[in-house]
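First comes the structure, then the notes that go with it.
FYI, side chains are in, hydrogens and waters are out, and symmetry mates aren't considered; it's all heavy atoms of this structure. Owing to the predicted nature of the structure, the values given are computational and were not obtained by experimental measurement.
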Amino acid sequence: MKIKLISPRMSLRPMDSEYKRLLSPSISLLILAGLTPDEHEVYIEDENAGEINFDDNPDLVGITVNVDTSKRAYEISRRYREKKIPVVLGGIHPSACPDEAGRHADTICIGEAEQVWGKIIEDAQDGKLNKMYYCEKPANLSSTPIPKWALLDTSRYLYTCIVCASRSCPFSCEFCYNSCRYVHHQYRNRPVENVVEEIHKLGTRQVMFIDDNFIGNPDWTREFVKAIKPLNLTWHAAVSTTIGQHLDLLDQMQASGCKSLFIGFETLNGDSISSVNKKQNKVETYDRLIDEIHSRRIMINASLAFGFDHDKPDVFKQTLDWLVANRIETMTGHILTPYPGTVLYERLHSEGRIIDYDYTHYNTAHVVFKPAQMTSQQLYEGYLWIYDRFYSLENILKRMPLDRRQRIPYFLFNFGYRKFGKITSRVAEFGLMNWFGRLARRLAYGID
């Protein structure tokens with residue numbers, strides 16, 4: 001069979017540039033390609049990197065779907081189904097909202113694909129697709145193949161050095177998809193040797209781990225960073241605030257080449273933290289945690305959300321002052337968004353507080369629910385204001401790292417990616433995105 005895998009074009013927020021769309025490809029589609037038996041032909045089209053060719057005639061189409069790309073995904077699905085070509089939808093949104101997604105496809109894949117993708121292909125070949133496929137047990141990640149990077153034109157993307165070493169998260173925050181019913185809540189890591197092999201095959205000395213929580217199993221992480229220390233890597237990952245309870249691990253991470261950590265601080269309000277079951281976060285420990293990380297010459301990307309029920313209009317000024325005072329290197333801000341299928345969505349929907357059902361707006365840059373202690377306009381304007389002030393020239397200089405060795409990557413991100421990203425990302429028009437990424441890595445860390 002000829003199998004086509006598609007990633008629909010994602011939406012951009014007001015502060016985003018083409019870097020967002022071309023930051024990296026969908027690793028899930030590359031893994032699906034690796035799961036496909038060799039007798040089938042697989043090809044991938046990413047609408048973020050080019051137009052979709054609707055003149056082809058594959059035997060099966062698979063589309064990965066997020067909530068904000070669902071409208072476009074359903075349109076793509078319709079066009080192929082009109083040609084009598086079967087379509088399977090998978091990814092976060094169909095998994096969280098299977099009944100809705102099922103109306104727009106021949107079948108849907110709920111959750112992990114390792115144990116069902118082969119069956120989907122077999123049934124499609126026989127013309128006997130079920131309406132949905134769901135793996136009843138958590139996937140054994142030792143069977144997860146290395147992504148098939150050869151199927152993509154990697155020159156189109158800023159980063160092609162991404163690796164996923166685990167699945168799920170030990171926590172179930174109410175606004176996160178990990179609170180959905182379909183999720184297998186057992187946190188699992190791939191075998192250390194499998195991840196090391198994948199890094200070797202990437203042929204790069206910089207790696208971005210895209211796990212939900214790189215320290216979900218601290219013992220595994222200790223074993224892993226010990227294994228990669230001889231590789232002389234520069235690497236980045238996302239961790240929970242619980243890293244502050246494992247300072248020995250933080251030492252090992254630094255020694256093995258960790259240069260930055262993405263951390264979901266979310267808010268400075270302890271009541272807001274409790275209201276969404278993010279029990280692992282302790283606001284009173286934030287400042288010390290930041291000091292511990294900075295003392296090891298590791299930069300921080302603070303993830304924050306605005307619009308919790310305990311947030312008032314002064315939350316933006318308070319948060320900005322805290323970010324600047326702590327010299328937080330980068331900030332990723334969000335308007336709290338109740339993704340369909342999550343516990344937060346179910347609660348706000350039951351309270352009659354969902355005010356916008358246009359899923360293209362569910363990209364954390366729109367107010368889609370009624371806030372408790374401010375107006376929708378105050379929430380939206382405050383969100384834009386904190387981005388503008390955080391990445392102002394004045395505050396970029398105030399937040400500058402004290403360690404001179406961190407300043408080049410700091411300025412490259414703050415100026416090249418955020419402040420002037422809409423200008424610098426025009427390299428994408430000339431197919432130079434990956435070249436630009438390699439140049440940035442050479443300037444920042446002296447590596448390719």
Side-chain angles (χ1 to χ4, degrees), residues 161-171 173 187-190 192 195-196 199 205-268 273 278-304 322-323 325-332 399-410 413 441 444-447:
C161 50
I162 57 174
V163 173
C164 189
S166 66
R167 294 269 176 88
S168 195
C169 178
F171 310 109
C173 308
Y187 181 83
R188 290 147 289 148
N189 288 102
R190 293 169 60 197
V192 168
V195 183
V196 172
I199 292 171
R205 283 181 50 211
Q206 176 162 240
V207 177
M208 293 192 172
F209 294 103
I210 58 170
D211 306 73
D212 290 339
N213 189 347
F214 190 68
I215 61 164
N217 179 352
D219 290 336
W220 182 94
T221 312
R222 288 186 179 90
E223 180 184 355
F224 179 71
V225 295
K226 182 179 179 180
I228 64 171
K229 185 176 180 181
L231 303 183
N232 195 25
L233 298 176
T234 290
W235 61 271
H236 318 266
V239 299
S240 58
T241 58
T242 56
I243 187 62
Q245 302 169 21
H246 306 283
L247 297 182
D248 64 311
L249 175 54
L250 193 58
D251 288 334
Q252 290 177 271
M253 290 165 66
Q254 180 211 9
S256 65
C258 179
K259 298 299 182 185
S260 71
L261 293 173
F262 179 96
I263 302 177
F265 291 100
E266 313 307 352
T267 176
L268 304 181
I273 291 291
K278 199 173 178 79
K279 57 187 177 182
Q280 69 273 25
N281 278 30
K282 310 295 180 186
V283 174
E284 63 274 14
T285 68
Y286 284 2
D287 289 359
R288 183 186 172 193
L289 171 60
I290 292 166
D291 287 342
E292 293 286 0
I293 294 171
H294 280 165
S295 71
R296 290 163 174 82
R297 301 191 302 279
I298 297 173
M299 295 193 289
I300 296 171
N301 184 345
S303 179
L304 298 160
W322 176 79
L323 290 167
N326 281 282
R327 292 182 177 270
I328 296 295
E329 288 84 0
T330 67
M331 181 267 295
T332 302
R399 295 184 287 104
M400 181 173 61
L402 297 175
D403 191 318
R404 291 180 180 272
R405 289 167 290 185
Q406 295 177 309
R407 291 180 182 175
I408 293 178
Y410 171 79
F413 185 92
R441 291 193 289 275
Y445 301 111
I447 60 174

Checklist line | Check: Trp220 ring centroid to Tyr187 ring centroid under 6.0 Å | finding: no
Next item on the list: Report the distance from atom CD1 of Ile263 to atom CD1 of Ile293, rounding to the nearest 0.5 Å.
Entry: 3.5 Å
Next item on the list: Report yes if the side chains of Pro170 and Gln280 come closer than 4.5 Å at any heavy-atom pair, otherwise no.
Entry: no
Checklist line | Sub-4.5 Å side-chain heavy-atom contact between Asp248 and Arg222 | finding: yes
Note to self: Between Arg205 and Arg441, does the side chain to side chain contact (heavy atoms under 4.5 Å, CB included) criterion hold? Intermediate values first, please.
What the structure shows: CA-CA 10 Å; Arg205 283 181 50 211; Arg441 291 193 289 275; over 6 Å; no
Next item on the list: Working to the nearest 0.5 Å, report the span between CD1 of Ile290 and OG of Ser295.
Entry: 12.0 Å
Checklist line | Spacing of Ile228 atom CD1 and Leu233 atom CG [to the nearest 0.5 Å] | finding: 5.5 Å
Note to self: Tell me if a side-chain donor or acceptor on Asn217 pairs with a main-chain N or O of Asp219 at a distance below 3.5 Å.
What the structure shows: yes
Notebook entry, point to check: Can you tell me how far the OG atom of Ser166 sits from the CG atom of Asn213, to the nearest 0.5 Å?
Noted result: 7.5 Å
Item checked: Ring-ring centroid check Phe224 Phe209, cutoff 6.0 Å -> yes
Note to self: Please report the interatomic distance CE(Met299) to NE2(His294), rounded to the nearest 0.5 Å.
What the structure shows: 8.5 Å
Item checked: Pair Trp235 + Phe214: ring centers closer than 6.0 Å -> yes
Item checked: Short side-chain donor-acceptor distance under 3.5 Å, Asn326 and Tyr286 -> no
Check: Which pair of heavy atoms, one from Asn281 and one from Ile273, lies closest together, and at what distance?
Finding: O-CG2, 3.7 Å
Note to self: Please give me the minimum heavy-atom distance between Ile210 and Cys164, naming the atom from each residue.
What the structure shows: CG1-CB, 4.0 Å
Item checked: Side chains of Met253 and Leu261 in contact at under 4.5 Å (non-hydrogen atoms) -> yes
Margin query: Quick test of your reading of the model: are Lys278 and Glu266 salt-bridged, counting only N-O distances below 4.0 Å?
Written below: yes
Check: Considering all heavy atoms of both residues, which atom of Val163 and which atom of Arg190 are nearest to each other, and what is their separation?
Finding: CG1-NH1, 4.3 Å
Margin query: Walk me through whether Gln406 and Met400 qualify under side chain to side chain contact (heavy atoms under 4.5 Å, CB included).
Written below: CA-CA 9 Å; Gln406 295 177 309; Met400 181 173 61; over 6 Å; no
Check: Where the side chain of Arg399 meets the backbone of Ile328, is there a donor-acceptor pair that is under 3.5 Å apart?
Finding: yes
Notebook entry, point to check: Which value, rounded to the nearest 0.5 Å, describes the distance between Ile447 atom CD1 and Thr234 atom OG1?
Noted result: 3.5 Å
Checklist line | Within residues 294-303 or reaching into it, pairs that qualify as salt bridge (charged side-chain N to carboxylate O under 4.0 Å, His left out) - sequence neighbours excluded | finding: Asp251-Arg296, Glu292-Arg296, Arg297-Asp403
Note to self: Between Glu329 (side chain only) and Ile300 (backbone N and O only), is there a donor and an acceptor less than 3.5 Å apart?
What the structure shows: yes
Notebook entry, point to check: So Trp322 and Phe265, would you call those rings parallel, tilted or perpendicular, with 30° and 60° as cut-offs?
Noted result: perpendicular
Next item on the list: Ignoring hydrogens and angles, tell me if any N or O in the side chain of Asp212 forms a donor-acceptor pair with the backbone of Cys169 under 3.5 Å.
Entry: no
Notebook entry, point to check: Could you go step by step and tell me if Thr241 and Lys282 meet the side chain to side chain contact (heavy atoms under 4.5 Å, CB included) rule?
Noted result: CA-CA 8 Å; Thr241 58; Lys282 310 295 180 186; over 6 Å; no
Next item on the list: Quick one: do Thr332 and Leu304 satisfy side chain to side chain contact (heavy atoms under 4.5 Å, CB included)? Show the steps, please.
Entry: CA-CA 6 Å; Thr332 302; Leu304 298 160; over 6 Å; no
Note to self: Show the nearest heavy-atom pair for residues Cys258 and Ile298, with the distance to one decimal.
What the structure shows: O-CG1, 3.6 Å
Check: Does Arg327 reach the main-chain N or O of Pro401 with its side chain, forming a donor-acceptor pair under 3.5 Å?
Finding: no
Next item on the list: Determine the minimum heavy-atom distance between Ile215 and Thr221, stating which atoms define it.
Entry: CA-OG1, 3.6 Å
Next item on the list: Report yes if the side chains of Thr285 and Gln245 come closer than 4.5 Å at any heavy-atom pair, otherwise no.
Entry: no
Check: Shortest non-hydrogen contact from Met331 to Leu323?
Finding: CG-CD1, 3.9 Å
Checklist line | salt_bridge(Asp291, Arg288) N-O dist < 4.0 Å | finding: no
